[in-house]
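This report concerns only the one structure given below.
In this text the structure is predicted, and so the values were computed from the model without any measurement.
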Amino acid sequence: MGNGFKRRSRWKQVIKVSEASLSSYLNELKDEIEAALPKAFPTSWFVPEPLKEAVLYSLMAGGKRLRPIFVMAACESLKGNRKAALHAACAVEMIHTYSLIHDDLPAMDNDDYRRGRLTNHKVYGEATAILAGDALLTHAFYCVSQISSEANVPAEVILKITSELAQYAGMSGMVGGQMADMNGEQGLTSIEELEYIHQHKTSDLIVFALRAGAMIGGASEKQLHALTAYGRKLGLAFQIQDDILDIVGDEAVIGKPKGSDEKSGKVTYPYFIGLEASKEAVERLTREAKEGVIQVDLPYAARLLELADFLMNRDH
């Protein structure tokens with residue numbers, strides 16, 4: 001009984017919401033991120049105009065800005081200054097954008113549209129699209145190297161963030177997940193294989209975003225462990241929700257035809273366990289992600305809890 005009371009008390013303390021609504025908070029962070037992204041490229045550098053145009057075409061194409069928002073929210077959850085996390089936020093958005101440009105290429109998913117606009121290679125050609133992705137990937141590491149110039153972040157922390165970016169975005173992380181996804185198109189035989197794809201193709205970059213923001217905010221190992229688990233569960237829930245929306249979502253909202261995954265031969269969670277069980281999995285994973293955050297001492301965890309609910313209930 002005593003332990004239950006403590007858990008309820010901590011829950012009440014953690015979910016206390018600040019004055020701004022979640023919607024206002026997300027819009028505020030999104031505006032800060034979108035203002036910072038084009039400024040992340042030094043004006044003194046000479047860059048061939050077609051390459052610059054192609055990079056900004058995809059980088060500034062909108063989207064949820066979910067991953068950079070997680071960087072800043074994780075930093076704030078530890079009483080950190082979110083402005084100090086902007087360079088890392090830009091870095092993770094550049095990695096995400098490069099992955100989308102390359103995923104859309106004819107040799108990969110061969111998509112014509114992204115976020116309601118022609119894909120990068122449809123506008124600038126395959127060669128320039130490949131180089132635009134390459135430029136964003138490498139510039140992400142430049143952004144991370146700039147963290148200490150405006151924030152008092154120790155060099156060893158920046159080195160750890162750099163190392164983890166390579167790990168989570170590379171062949172043991174997001175790139176490995178994409179490779180497994182391509183192999184999976186030949187026919188997945190188990191839900192474990194599908195979970196591997198989702199964990200690495202989607203969750204790993206979310207985990208990095210949370211860990212990077214938390215490290216900038218001065219997180220302890222215990223706090224980093226909790227945020228890693230939160231990111232893994234939430235990333236998987238996010239992808240399962242995508243699988244669900246492909247079946248039941250509004251085409252005008254989700255930005256692609258319903259059933260496109262099935263038509264393209266992709267195996268999804270609803271294929272393995274059914275639509276209702278998939279919805280239950282999203283709810284369970286979201287609940288477990290939130291419970292893990294509540295169990296550790298994060299001074300301002302309310303936004304992370306709100307973000308979890310927001311992602312579970314999204315319609316696109």
Side-chain angles (χ1 to χ4, degrees), residues 11 14-15 17 22-23 25-26 63-70 73-74 77 96 99-100 115 168 173-174 177-178 180-181 184 188 190-211 226-264 266-295 298 301-316:
W11 176 268
V14 169
I15 64 171
V17 179
L22 178 63
S23 177
Y25 178 74
L26 293 177
K64 302 178 188 69
R65 307 298 189 193
L66 173 65
R67 291 151 190 84
I69 283 172
F70 270 129
S77 74
H96 177 55
S99 74
L100 299 181
R115 293 169 178 162
Y168 284 110
M174 183 187 71
Q178 176 63 22
D181 191 23
L188 289 174
S190 72
I191 197 167
E192 288 77 19
E193 290 176 303
L194 181 60
E195 185 171 327
Y196 176 90
I197 292 169
H198 288 346
Q199 286 287 10
H200 293 287
K201 188 177 177 182
T202 302
S203 292
D204 274 357
L205 213 54
I206 292 175
V207 169
F208 167 77
L210 289 158
R211 287 180 62 86
L227 286 170
T228 300
Y230 167 88
R232 289 231 170 275
K233 291 180 183 296
L234 210 57
L236 183 54
F238 180 86
Q239 189 57 56
I240 299 173
Q241 183 73 348
D242 264 5
D243 290 350
I244 294 168
L245 290 174
D246 185 70
I247 298 172
V248 303
D250 184 333
E251 291 183 7
V253 177
I254 63 176
K256 63 178 182 179
K258 282 196 294 186
S260 62
D261 287 344
E262 182 180 357
K263 289 173 186 174
S264 62
K266 288 189 175 180
V267 179
T268 64
Y269 259 79
Y271 170 85
F272 275 116
I273 65 175
L275 187 59
E276 289 308 311
S278 295
K279 291 178 180 178
E280 290 172 6
V282 171
E283 292 180 7
R284 174 181 56 79
L285 287 163
T286 302
R287 183 178 65 253
E288 290 174 357
K290 290 165 64 179
E291 287 172 351
V293 166
I294 293 166
Q295 296 307 312
L298 291 174
R303 288 304 185 196
L304 296 178
L305 301 179
E306 289 181 302
L307 276 166
D309 287 332
F310 169 76
L311 293 177
M312 180 179 70
N313 295 311
R314 68 194 171 90
D315 58 4
H316 66 285

Side-chain heavy-atom pair [X], [Y] within 4.5 angstrom cut-off:
X	Y	value
L236	Y269	yes
D309	K290	yes
R232	D204	yes
I244	V282	yes
S99	M174	yes
L227	L304	yes
V293	L298	yes
L66	F238	yes

* **Residues which pass side chain to side chain donor-acceptor pair (under 3.5 Å) with R65, listed by chain and number, not counting sequence neighbours** =>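 So R65 forms a side chain to side chain donor-acceptor pair (under 3.5 Å) with E34, E93.
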* Please identify each residue that fulfils side chain to side chain donor-acceptor pair (under 3.5 Å) with K233, with sequence neighbours left out. => E288
[X] [atom1] to [Y] [atom2] distance, which is reported to the nearest 0.5 Å:
X	Y	atom1	atom2	answer
L311	I206	CG	CD1	7.5 Å
L305	Y230	CG	OH	7.0 Å
Q239	L234	CD	CG	12.5 Å
T202	Q178	OG1	CD	10.0 Å
M312	I240	CE	CD1	12.5 Å
I191	I273	CD1	CD1	4.5 Å

Which atom names give the shortest non-hydrogen contact between [X] and [Y], and what distance separates them?
X	Y	value
G231	L210	CA-CD1, 3.5 Å
A308	T286	O-CG2, 3.5 Å
G292	A226	O-CB, 4.0 Å

* Asked: Should we count OH of Y196 as having more than 12 external heavy atoms under 6.0 Å?
  ->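 Yes, because the 6.0 Å sphere around OH of Y196 holds more than 12 heavy atoms from other groups.
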* **Donor-acceptor contact present, side-chain Q241 to main-chain R314, <3.5 Å** => yes
* Would you please name every residue forming a salt bridge (Lys or Arg N to Asp or Glu O under 4.0 Å) with R211, sequence neighbours left out? => E164
* Think R67 forms a cation-pi with F208, using NZ or CZ under 6.0 Å from the six-ring centre and within 45 degrees of its axis? ->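 Judged by the rule, R67 and F208 form no cation-pi pair.
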